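See structure below.
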Amino acid sequence: MRLFGDLGITALHKWSSMVVTDPAFANAGKTRGLQIWRINAFKAEHVPREQYGNFYEGDSYIVLNTKNDNAYDVHFWLGSKTTQDEFGTAAIKTVELDQLLGGLPVQYREVQNHESALFFSYFKQGLKYLEGGHASGFNHVVSKNDNIDPMLFQCKGKRNVRCTQVKLIKESLNLGDVFILDLGHDIYVWMPPESGRLERMKGVIMAESIRDQERGGRPTIHVLDHEWNTDATFWKHFGGKSSIQWIKSPYGGGSDDNYWLDKSADITLYLCSDAGGPLQVRAISAGQQDVKSLDTNDAFILDAGPGGLYVWIGKKCNQKERSKAMEFASQYLETNKRPNWTQVTRVLEGAEPAAFTQWFGNWNDNKKPVQYVPKLFQVSNESGKISVEEIVDFYQQDLDGDDVMILDALNIIYVWVGTGANKEEKAHAKQTAEKFLKATSAKRHKTTTIDVIYQGEETPTFKKFFPEWDDKLFKQRRDYKTMRKILFT
């Protein structure tokens with residue numbers, strides 16, 4: 001996926017004739033929090049706040065997270081069916097926004113179904129993918145009376161759950177995933193017996209989001225767990241209850257996404273240059289990186305394998321080189337036949353995030369020290385295969401009592417074992433942490449320890465990593481049934 005080279009004549013002509021900064025960016029970065037724009041006809045349009053978390057698969061978006069003065073994260077999101085002109089315009093608009101904010105943002109390229117954990121952290125209710133988009137002429141619009149065409153959404157994922165619009169036919173259903181049937185006035189959350197516990201909770205949360213944020217609290221939500229195979233109103237949209245016999249097995253929807261962070265692959269640093277012609281990329285070093293290899297006068301690509309691609313821009317690079325960072329990455333991915341959904345991040349010298357600095361064993365020896373940010377991961381072998389997902393911006397509520405969690409505090413690896421974790425997960429908790437330790441590349445003390453902690457027996461040292469720890473929280477199981485009572489009674 002080339003982000004600039006394949007834009008097309010129309011997009012390039014439009015860009016050359018428009019003002020330097022899109023008027024939609026007039027208030028960008030002036031307040032903390034999220035701002036989202038959707039690309040339409042080579043322009044950026046504000047997305048209403050009640051639509052945050054909803055993304056049309058045929059469109060491209062720009063998401064700005066303002067953390068504080070002069071600290072920004074900018075993500076441009078590409079739908080799986082976005083047009084060439086739209087994703088090219090999104091890249092161009094990201095450059096405009098970057099210039100407006102003084103070239104300070106860390107830039108991320110996000111592709112549908114492969115979003116980063118940071119991107120997910122903005123949308124606690126999950127992501128919802130809608131069919132259509134501006135170019136197709138199809139946009140879902142809800143009337144004041146909630147009179148809409150029925151829609152069906154499939155919810156998949158262990159921790160980072162995505163709800164994707166699918167065809168409203170019995171063939172879309174399977175016994176392993178949660179589905180949301182949106183009828184406007186009524187929203188059904190269908191929970192077949194083999195669906196995951198977190199998928200069930202996220203399905204309820206997504207239904208609540210549709211009801212409260214999009215419909216002003218008007219619809220009625222129906223949770224079908226014990227009634228998954230008996231509710232006549234739900235099944236009439238799929239040909240009646242007799243259709244149950246045709247529903248696919250628990251694996252009919254495919255395996256849930258696996259975010260195991262295997263970062264043991266070779267890491268390679270490349271010097272980028274397009275002076276006097278096509279982009280030239282030259283390998284500098286492989287393996288653990290030396291910070292001395294970075295030159296303030298140049299741009300570099302750090303290929304971290306499964307850890308993604310980083311484009312580092314030196315302070316003395318000119319504006320042209322800064323603006324072409326994502327083009328460098330796009331051409332690199334194409335030349336090296338890397339998947340077009342590979343995570344791409346642009347970082348500036350002096351404002352490097354920890355996700356980038358972790359690949360340099362001697363970073364703190366030559367650069368301004370970067371405070372290590374603890375990381376939380378959810379571990380599960382529910383399907384017989386270890387799956388690990390990172391949780392960004394975590395709280396005590398993110399500790400899942402049905403699984404094993406890993407808190408990476410650099411020189412201490414905490415293994416938190418939930419009371420509901422299965423026998424296999426409990427027995428191999430420490431071995432899982434050892435595997436995790438070997439697979440990560442952060443520079444740690446030689447005596448890094450692994451500390452196994454059980455739910456309800458957390459130490460003061462462990463608790464300090466979580467904002468506002470509440471000892472009462474774990475005294476009752478907060479499964480999806482408890483949440484249903486909280487939400488709907």
Side-chain angles (χ1 to χ4, degrees), residues 1-8 10-12 14-15 22 24-25 34-47 51-65 73-98 105-123 126-136 138-140 157 160 162-165 257 259 308-311 323-346:
M1 184 184 288
R2 297 275 301 277
L3 298 185
F4 283 80
D6 295 335
L7 282 182
T10 307
L12 290 173
K14 277 282 185 180
W15 189 35
D22 196 303
F25 295 148
L34 282 188
Q35 292 174 279
I36 302 179
W37 298 268
R38 183 180 175 191
I39 301 302
N40 181 18
F42 305 101
K43 295 181 180 179
E45 294 181 341
H46 284 284
V47 173
Q51 291 293 322
Y52 281 15
N54 294 350
F55 294 89
Y56 282 93
E57 62 184 8
D59 285 332
S60 296
Y61 292 75
I62 296 174
V63 177
L64 169 65
N65 181 37
D73 288 319
V74 173
H75 307 252
F76 63 98
W77 183 92
L78 308 175
S80 61
K81 298 181 181 178
T82 190
T83 66
Q84 202 169 62
D85 281 347
E86 282 196 337
F87 74 64
T89 303
I92 290 171
K93 292 296 178 183
T94 301
V95 172
E96 290 183 15
L97 182 59
D98 179 76
V106 176
Q107 288 183 22
Y108 302 83
R109 191 191 67 161
E110 310 282 356
V111 178
Q112 181 180 343
N113 294 312
H114 300 278
E115 294 88 352
S116 65
L118 176 61
F119 189 80
F120 257 102
S121 72
Y122 304 144
F123 309 101
L127 299 180
K128 186 169 69 172
Y129 302 141
L130 293 157
E131 292 180 341
H134 283 304
S136 68
F138 175 71
N139 288 280
H140 167 63
N160 295 327
R162 299 171 171 89
C163 294
T164 305
Q165 187 175 358
D257 291 335
Y259 291 94
L309 205 70
Y310 296 86
V311 185
S323 65
K324 295 181 71 174
M326 286 299 186
E327 183 179 1
F328 289 165
S330 178
Q331 293 181 34
Y332 175 86
L333 292 177
E334 183 177 5
T335 301
N336 291 274
K337 296 181 171 54
R338 293 286 301 279
N340 61 19
W341 44 258
T342 299
Q343 182 67 44
V344 177
T345 307
R346 187 208 72 169

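The first residue of the sequence shown is numbered 1, and numbering continues consecutively from there. Just so you know, these numbers come straight off a predicted model, no measurement behind them.
Looking only at distances, a side-chain donor or acceptor of Gln165 sits under 3.5 Å from a matching main-chain atom of Glu131. Checking side-chain atoms of Thr89 against main-chain N and O of Asp85 turns up a donor-acceptor pair under 3.5 Å. Proximity of a side-chain donor or acceptor of Ser330 to a complementary backbone N or O of Met326 within less than 3.5 Å is not detected. No donor-acceptor distance shorter than 3.5 angstrom exists from the side chain of Thr335 to the backbone of Tyr332, with no hydrogens or angles considered. Checking side-chain atoms of Glu115 against main-chain N and O of Asn113 turns up a donor-acceptor pair under 3.5 Å.
A salt bridge does not link Lys81 to Asp59: none of the charged side-chain nitrogens sits closer than 4.0 Å to a carboxylate oxygen. The pair Asp22-Lys93 counts as a salt bridge, with a side-chain nitrogen and a carboxylate oxygen less than 4.0 angstrom apart.
Under the 4.5 Å side-chain criterion, counting only non-hydrogen atoms from C-beta, Tyr56 is not in contact with Thr82. Residues Asp98 and Val74 form no side-chain contact, since every pair of their non-hydrogen atoms from C-beta on lies 4.5 Å or further apart. No side-chain heavy atom of Leu64 sits less than 4.5 Å from a side-chain heavy atom of Leu34. Proximity of Asn65 to Tyr122: side-chain heavy atoms (C-beta onward) are separated by under 4.5 Å at one or more points.
Lys128 NZ to Cys163 SG: the interatomic distance, rounded to the nearest 0.5 Å, is 8.5 Å. Expressed to the nearest 0.5 Å, how far CZ of Phe76 lies from CD1 of Ile39 amounts to 10.5 Å. Going from atom OG1 of Thr345 over to atom CD of Gln343 covers 5.0 Å, rounded to the nearest 0.5 Å. Here CD of Gln51 is found 15.0 Å from NE2 of His46. Values are rounded to the nearest 0.5 Å.
Taking both residues in full, the closest heavy atoms of Tyr52 and Val47 are given as CE1-O, 3.2 Å, listed atom of the first, atom of the second, then distance. The minimum heavy-atom distance linking Trp37 with Ala44 is given by the pair CB-CB, 4.0 Å. What you find for Ala90 and Ile62 is that their closest heavy atoms are O-CD1, 3.8 Å. Scanning both residues, Leu78 and Ser60, for their nearest heavy atoms gives CD2-OG, 3.6 Å. In plain terms, the two heavy atoms of Arg109 and Asn340 that are nearest each other are NH2-O, 2.5 Å. Residues Ala329 and Val344 approach most closely at CB-CG1, 3.6 Å, considering heavy atoms.
Judged as a side chain to side chain donor-acceptor pair (under 3.5 Å), and not counting sequence neighbours, the contacts of Asn40 are Glu45.
For an aromatic pair to be called close, the ring centres must be under 6.0 Å apart, and His75 with Tyr61 fails this.
Using bins of under 30°, 30° to 60° and over 60° for the plane-to-plane angle, the ring pair Trp77/Phe55 lands in the tilted bin.
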When you look at Glu110 and Ser116, which way does the side chain to side chain donor-acceptor pair (under 3.5 Å) test go after all the steps? CA-CA 7 Å; Glu110 310 282 356; Ser116 65; 2.8 Å; yes

